[in-house]
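The next block holds one structure in the form of structure tokens; read it before the comments.
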Amino acid sequence: MTAEGRPEGVEVPRGHYALGNPAVGPRPLRRTRSFTRRGGRMPRTHQAAWDRLADRAVLQVPRLHGDTSTVVDPSFELDPVEVFGRRAPLVVEIGSGSGDALVAGAMERPDWDFLALEVWRPGIGHTLAKMSSATGGEALPNVRFVEIDAEVALRTLLPAGSVHELWTFFPDPWPKSKHHKRRIVSPGFADTVLRLLEPGGTWRLATDWDDYAHSMREVLDAHEGLRLVSTDRAPLRPVTRFERRGLAEGRSITDLAYVRA
Ligand SMILES: C[S@@+](CC[C@H](N)C(=O)[O-])C[C@H]1O[C@@H](n2cnc3c(N)ncnc32)[C@H](O)[C@@H]1O
């Protein structure tokens with residue numbers, strides 16, 4: 001038997017199926033996820049940036065149900081002061097995608113730290129490549145990634161009151177009604193975010209889907225711990241592919257900023 005209780009020689013399959021493989025462990029309770037796992041191949045330049053910079057920029061965290069799982073071990077807490085080697089306002093971005101907002105924000109605010117939670121490894125590779133071209137080959141010292149399901153991780157990964165700003169820009173819209181339950185902005189997730197925000201901390205959201213914007217307003221306006229303070233464009237949010245595509249397809253952009261009341 002291996003240390004994990006797996007019979008010697010049993011190969012752990014790659015990908016999400018590993019979650020329910022008898023060689024790995026019991027299948028966790030089925031849960032509704034805000035993402036589907038997409039392909040893992042990266043273009044060469046992104047892979048090269050990953051190979052060079054991931055060791056420094058992508059944090060390794062203990063996971064439940066094996067190395068390929070997106071579920072963080074809930075007993076693990078990350079200390080931002082230890083990770084960044086300083087105490088600075090912390091921005092957490094959920095679903096940083098290919099990193100346009102993250103890289104622009106981190107360059108604009110070198111005095112802030114940025115932690116990106118993203119399940120899509122090629123997006124992290126793309127972001128590292130962007131970072132590398134912006135800096136002449138380096139990782140930005142104020143940016144780290146965790147390749148993890150943010151919805152689950154944020155319940156336990158960070159200390160309460162440790163986040164200055166939390167960004168949820170263009171979350172997957174799940175436009176079909178039968179998929180609305182997959183949308184990440186929900187009353188339960190609002191409770192999670194509230195625990196993380198420092199007093200006066202801000203949750204910034206943007207979407208190009210009107211009905212998602214309405215549902216965000218409905219959920220977050222009703223939350224007694226949050227107060228809507230702005231519908232202006234978030235100060236550090238650049239125009240991204242999703243914004244351009246939304247506008248090109250005739251949709252309008254909604255920005256929302258809530259503070260911890
Ligand atoms: C529509 S993209 C938007 C990307 C980026 N925020 C932007 O504005 O360009 C949504 C991203 O969120 C990621 N995502 C969705 N659910 C997630 C979750 N629970 N945890 C971490 N990342 C998630 C997806 O992999 C995808 O890259």
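Both counts, for ligands and for their atoms, begin at 1 and track the order of listing.
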Q: Output every pair passing salt bridge (charged side-chain N to carboxylate O under 4.0 Å, His left out) with a member in residues 73-93, not counting sequence neighbours, ordered by first then second residue.
A: Arg86-Asp113
Q) Do any N/O atoms on Glu118 end up under 3.5 angstrom from N/O atoms on ligand 1? A) yes
Q | Ligand-side contact atoms (ligand 1) for residue partner Ile148, heavy atom cut-off under 4.0 Å | A | 20 (N), 21 (C)
Q: Would you check whether Ser34 has a nitrogen or oxygen atom less than 3.5 angstrom from a nitrogen or oxygen atom of ligand 1?
A: yes
Q: Using distance alone, decide if ligand 1 has a nitrogen or oxygen within less than 3.5 Å of any nitrogen or oxygen in Ile184.
A: no
Q: Mark yes or no for whether Arg52, through its side chain, and Gly137, through its backbone, hold a donor-acceptor pair below 3.5 Å.
A: yes
Q) side chain to side chain contact (heavy atoms under 4.5 Å, CB included) with Ser215: which residues, sequence neighbours excluded? A) Arg183, Tyr212
Q. Would one find more than 12 heavy atoms of other residues, nucleotides or ligands at under 6.0 Å from atom CG of Asp210?
A. yes
Q) Near Gly97, which atoms of ligand 1 are under 4.0 Å from a heavy atom of that residue? A) 4 (C), 27 (O)
Q | Option with minimal heavy-atom separation from atom 3 (C) of ligand 1, where the choices are Phe170, Trp167, Phe35, Phe189 | A | Phe170
Q) Ring centroid separation for His180 and Trp174, is it under 6.0 angstrom? A) no
Q. Can you find a non-hydrogen atom of Asp100 under 4.0 Å from ligand 1?
A. no
Q: Would you tell me which option among Asp208, Val119, Ile124 has the nearest heavy-atom contact to atom 22 (N) of ligand 1?
A: Val119
Q.
If I apply the N/O under 3.5 Å rule, does Ile94 come out as touching ligand 1?
A. no
(Q) As an exercise, identify every atom of ligand 1 less than 4.0 angstrom from a heavy atom of Phe242. (A) 1 (C), 2 (S), 3 (C), 4 (C), 7 (C), 9 (O)
Q: Using a 4.0 Å heavy-atom cut-off, say whether Glu93 meets ligand 1 through its side chain, its backbone, both or neither.
A: side chain
Q: With heavy atoms of Asp149 as the reference, note each atom of ligand 1 found under 4.0 Å away.
A: 18 (C), 19 (N), 20 (N)
Q: Please could you name the atoms of ligand 1 that Ala150 approaches to less than 4.0 Å, counting only its heavy atoms?
A: 18 (C), 19 (N), 20 (N), 21 (C)
**Q.** Crowding at CD, Glu224 (>12 non-hydrogen neighbours, <6.0 Å)
**A.** no
Q: Classify the ring geometry between His46 and His126 as parallel (under 30°), tilted (30 to 60°) or perpendicular (over 60°).
A: parallel
Q | Per-residue contact class, Leu117 against ligand 1 - non-hydrogen pairs under 4.0 Å | A | backbone
Q) Any donor and acceptor pair, going by atom type alone, linking the side chain of Ser69 with main-chain N or O of Leu64 inside 3.5 Å? A) yes
Q: Kindly state whether the ring of Trp167 and the ring of Phe114 have centres lying under 6.0 angstrom apart.
A: yes
